[in-house]
Protein chains: 2
Amino acid sequence: MATIYEIARAAGVSPSTVARALRGSGYVSPDKRALIQKLAREMGYVPNHAARSLKSKRSQKVLFLIPDIYNPFYFRMIKGATEVLEEHQYFPVLCHTKGDPALEMKMLSNLQQGFGDGMIFVSFDFNPKNTAAVNASGCPVVLTNNYQSPDGRDAFDCVFVDTFDGIRMAAQHFISRGFTRIGYIGGNIATQTGRERFSGFQHALQQNHIAADQRLFKVGDFTMESGRRAMQELIDQRTIPQALVVANDLMAIGAMRVCKEQGIHIPGDLAIIGMDNSDLAQFLDLSSIQMCEEEIGRNAARLLMERIENPKLEKRTIRLQPSLALRKTSEAGEAPAG
Amino acid sequence: MATIYEIARAAGVSPSTVARALRGSGYVSPDKRALIQKLAREMGYVPNHAARSLKSKRSQKVLFLIPDIYNPFYFRMIKGATEVLEEHQYFPVLCHTKGDPALEMKMLSNLQQGFGDGMIFVSFDFNPKNTAAVNASGCPVVLTNNYQSPDGRDAFDCVFVDTFDGIRMAAQHFISRGFTRIGYIGGNIATQTGRERFSGFQHALQQNHIAADQRLFKVGDFTMESGRRAMQELIDQRTIPQALVVANDLMAIGAMRVCKEQGIHIPGDLAIIGMDNSDLAQFLDLSSIQMCEEEIGRNAARLLMERIENPKLEKRTIRLQPSLALRKTSEAGEAPAG
DNA sequence: GAAACATGGCCACCATCTACGAAATTGCCA
DNA sequence: TGGCAATTTCGTAGATGGTGGCCATGTTTC
């Protein structure tokens with residue numbers, strides 16, 4: 001509530017002397033400084049944020065545009081980012097776009113308002129319209145997760161996890177163990193996500209000169225139920241592979257449940273690796289591809305802090321390597337129980 | 001980037017006319033207004049947030065003090081609160097206290113800085129020190145989750161879930177089904193949480209004139225492992241109850257796992273209700289007490305918005321009623337399988 | 001005695017908003 | 001049509017709280 005003016009009056013000095021004394025910059029005699037600091041403490045002085053940021057053009061806040069506020073994936077990102085932001089005395093402001101492009105555009109304009117000094121932008125759909133708006137704002141923004149530069153040039157700072165490589169690694173893991181009949185349950189090839197992951201899988205097969213058997217590849221929609229269906233088809237076809245790479249944990253769990261019901265032993269009869277390394281995967285001892293969301297967050301925040309510090313930096317893209325969290329479902333199998 | 005001065009110059013009017021035209025307040029001739037609005041659009045004018053909030057003393061932000069940023073409980077709260085904040089054009093700023101009292105105090109001072117217009121404050125430990133700081137700030141703050149007014153007077157706006165009643169309901173549910181030997185696994189009685197929940201359990205027994213059998217009450221530390229241990233003790237004692245109320249889902253799941261390993265059929269031999277209604281509970285078909293975190297968030301945000309609107313309101317406390325999410329583990333049992 | 005340094009007040013600035021009052025326009029009646 | 005009041009229009013002048021440049025004054029040092 002108290003301002004430097006009131007302190008100045010109480011101390012019998014001018015407001016600017018108070019400012020200097022409290023900021024520690026410029027010349028103030030030691031006794032005056034002590035007096036001012038004492039008064040400030042007593043009067044409960046706290047500098048006014050709005051005034052300071054009007055002058056300094058820094059708000060100490062970073063906007064977090066996320067499409068889905070109740071998704072653990074994003075929360076882990078936020079957690080990671082917050083760790084780094086804290087070190088720089090910055091705070092995340094949550095802006096929830098609900099995946100709605102109109103809201104997204106509206107939130108982007110908040111940036112120009114000085115609502116925040118920068119933004120970490122996550123979108124389901126990076127397109128010319130919203131990326132142009134980001135560019136137009138001229139403010140520091142880091143795109144994360146699935147932005148792809150249209151012409152391969154780094155127009156933005158960007159952090160993403162190489163899901164292609166995650167799936168590739170999982171398949172390679174099985175191949176290295178000597179499996180040749182490896183199944184895949186993925187998402188729709190029409191989506192970028194679906195395509196990217198499947199290519200990773202195909203790449204591993206090709207690298208190892210393993211012929212692709214189309215019957216072993218099923219498509220789901222990332223729900224547990226679709227995982228069940230896909231697994232059931234494999235069983236019905238009597239083409240149960242030796243190992244299965246699944247493009248997310250939920251589908252993998254669906255598949256596991258069918259196996260359990262039908263006496264297919266995991267990992268003895270069928271080894272499985274899922275993707276996301278969700279809490280459920282940990283709980284159910286499902287091997288999974290670790291997407292390191294916190295690492296995304298940390299890197300995005302780091303890039304952003306650096307850019308706020310120095311806007312002239314070259315634009316950078318950070319490609320994070322996923323890792324395998326190997327658990328029971330992909331253990332080198334002893335002979336099947338049944 | 002453009003300011004009202006530049007627009008004023010472009011339109012050949014004074015800055016205050018621009019302000020009036022854009023804000024829609026005061027008298028501006030229709031043609032000038034139209035011109036100014038057109039220019040503002042063309043020049044990409046967005047009002048400066050810092051300047052506006054310096055003048056208006058509103059930042060459109062609400063601080064969210066939370067002890068643990070990656071706890072599903074809290075981010076459900078955040079989700080609920082965000083819904084309400086959005087309606088009022090407010091945004092949540094996350095302040096992570098890590099349960100550290102010193103950090104908590106520091107963050108509280110952010111409030112006075114005008115960092116936010118109000119705060120939703122969640123603490124592991126509400127004590128005279130931090131509540132005094134809240135009071136001293138004179139800013140709108142809503143305490144949630146486990147604050148208890150020391151003298152029963154409403155010094156603060158406050159939202160909490162009646163965990164006492166949640167546990168009581170769970171016990172009552174079993175009692176109504178005719179069970180008389182009901183076990184309880186809770187937290188340490190030295191903690192407020194532990195005490196509160198256990199009282200709810202005892203209350204249900206007393207109400208129904210059921211004698212308490214101390215051998216059926218075990219203490220854990222809210223981890224799965226401690227749930228396992230507690231259940232194992234019940235088994236070793238050969239005092240397996242008919243039903244079990246457990247003070248959180250993790251411990252309940254630990255108990256379930258022991259039962260599964262040792263052939264105790266759930267719910268045939270033993271019915272279980274946990275607490276939190278976590279994702280895991282849903283996944284494992286564990287009955288649970290629903291703490292309605294989103295509802296806490298919504299109510300906290302609502303109280304806060306109302307208080308920011310009108311600081312003179314009476315202080316209010318909202319006590320939310322938990323509900324039972326009944327699933328398989330508490331189904332009226334057919335005869336046990338084995 | 002002059003240069004070097006320390007001290008602290010004054011003022012402009014950041015961008016917006018608003019109270020006030022001057023100026024312009026309109027309406028109304030004689 | 002002139003005159004007066006009511007109404008509309010719009011600019012001037014702060015105010016918000018903090019910061020930093022500039023400069024006048026005071027002190028020390030050689």
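The sequence lines fix the lettering, A, B, ..., with proteins before strands; numbering per chain opens at 1. We use all heavy atoms of the structure for the numbers below, so side chains are in, but hydrogens, waters and symmetry mates are not. Just so it is clear, the structure is predicted and the values come from calculations on it, not from any experiment.
- Geometric assessment of A:Lys61 against the ring of B:Phe115 yields a positive cation-pi assignment under the 6.0 Å and 45° thresholds.
- Looking at B:Asn299, its side chain does come within 3.5 Å of a backbone N or O of B:Glu295 through a donor-acceptor pair.
- Computed from coordinates, the A:Lys32 NZ to C:dA6 P distance equals 16 Å when rounded to whole Å.
- Checked by atom type and distance alone, the side chain of B:Asp157 pairs as donor or acceptor with a backbone atom of B:Arg316 at under 3.5 Å.
- When heavy atoms are screened at a 4.0 angstrom cut-off, A:Ser29 is found touching the sugar-phosphate backbone but no base atom.
- Residue contacts for A:Val28: at a heavy-atom cut-off of 4.0 Å it reaches the sugar-phosphate backbone alone, with no base atom in range.
- For the pair B:Asp117 (side chain) and B:Ser59 (backbone), a donor-acceptor distance under 3.5 Å is present.
- Looking only at distances, a side-chain donor or acceptor of B:Arg307 sits under 3.5 Å from a matching main-chain atom of B:Leu313.
- Residues from residues 50-59 of chain B placing a heavy atom under 4.0 Å of any atom in DNA chain C, listed by number, are B:Ala51, B:Arg52, B:Lys55.
- Between the C1' atom of C:dT7 and the CG atom of A:Leu35 lies a distance of 15 Å, rounded to the nearest Å.
- Scanning atom types as modelled, one donor and one acceptor separated by under 3.5 angstrom connect the side chain of B:Arg20 and the base of D:dG11.
- Residue A:Tyr45 has a polar side-chain atom (N or O) positioned under 4.0 Å from OP1 or OP2 of D:dG18.
- Between B:Tyr27 and the phosphate of D:dT9, there is no side-chain N or O to OP1/OP2 separation shorter than 4.0 Å.
- Protein atom CD1 of B:Ile7 is 16 Å distant from nucleotide atom P of D:dC10, rounded to whole Å.
- One atom, CD1 of B:Ile36, and another, P of D:dT9, lie 12 Å apart when rounded to the nearest Å.
- Here D:dG20 presents its C1' atom at 11 Å from CD1 of A:Ile4, a figure rounded to the nearest Å.
- The interatomic distance linking A:Glu6 (CD) with D:dG17 (C1') rounds to 11 Å, in whole Å.
- Remark: A:Thr17 is not in phosphate contact with C:dG8, judged by side-chain N or O atoms under 4.0 Å from OP1 or OP2.
- For A:Asn48 and D:dG18, the CG to P distance is 6 Å, given to the nearest whole Å.
- Looking only at distances, a side-chain donor or acceptor of A:His96 sits under 3.5 Å from a matching main-chain atom of A:Ile69.
- Of the possible polar contacts, none joining the B:Thr17 side chain to the B:Val13 backbone as a donor-acceptor pair under 3.5 Å is found.
- Although no hydrogens or angles enter the test, the distance criterion places a donor-acceptor pair under 3.5 Å between the side chain of A:Asn127 and the main chain of A:Asn130.
- The C1' atoms of five pairs define one axis at each end of the helix from C:dG1-D:dC30 to C:dA30-D:dT1, and these two axes lie 50° apart (to 10°).
- For C:dG8, the base has no donor-acceptor partner in the side chain of A:Ser16 [N/O atoms by modelled type, under 3.5 angstrom].
- Taking the six-membered ring for Trp and the full ring otherwise, B:Phe121 and B:Phe126 have centroids separated by under 6.0 Å.
- Across the protein-nucleic acid pair, A:Tyr5 atom OH and D:dG14 atom P stand 15 Å apart, rounded to whole Å.
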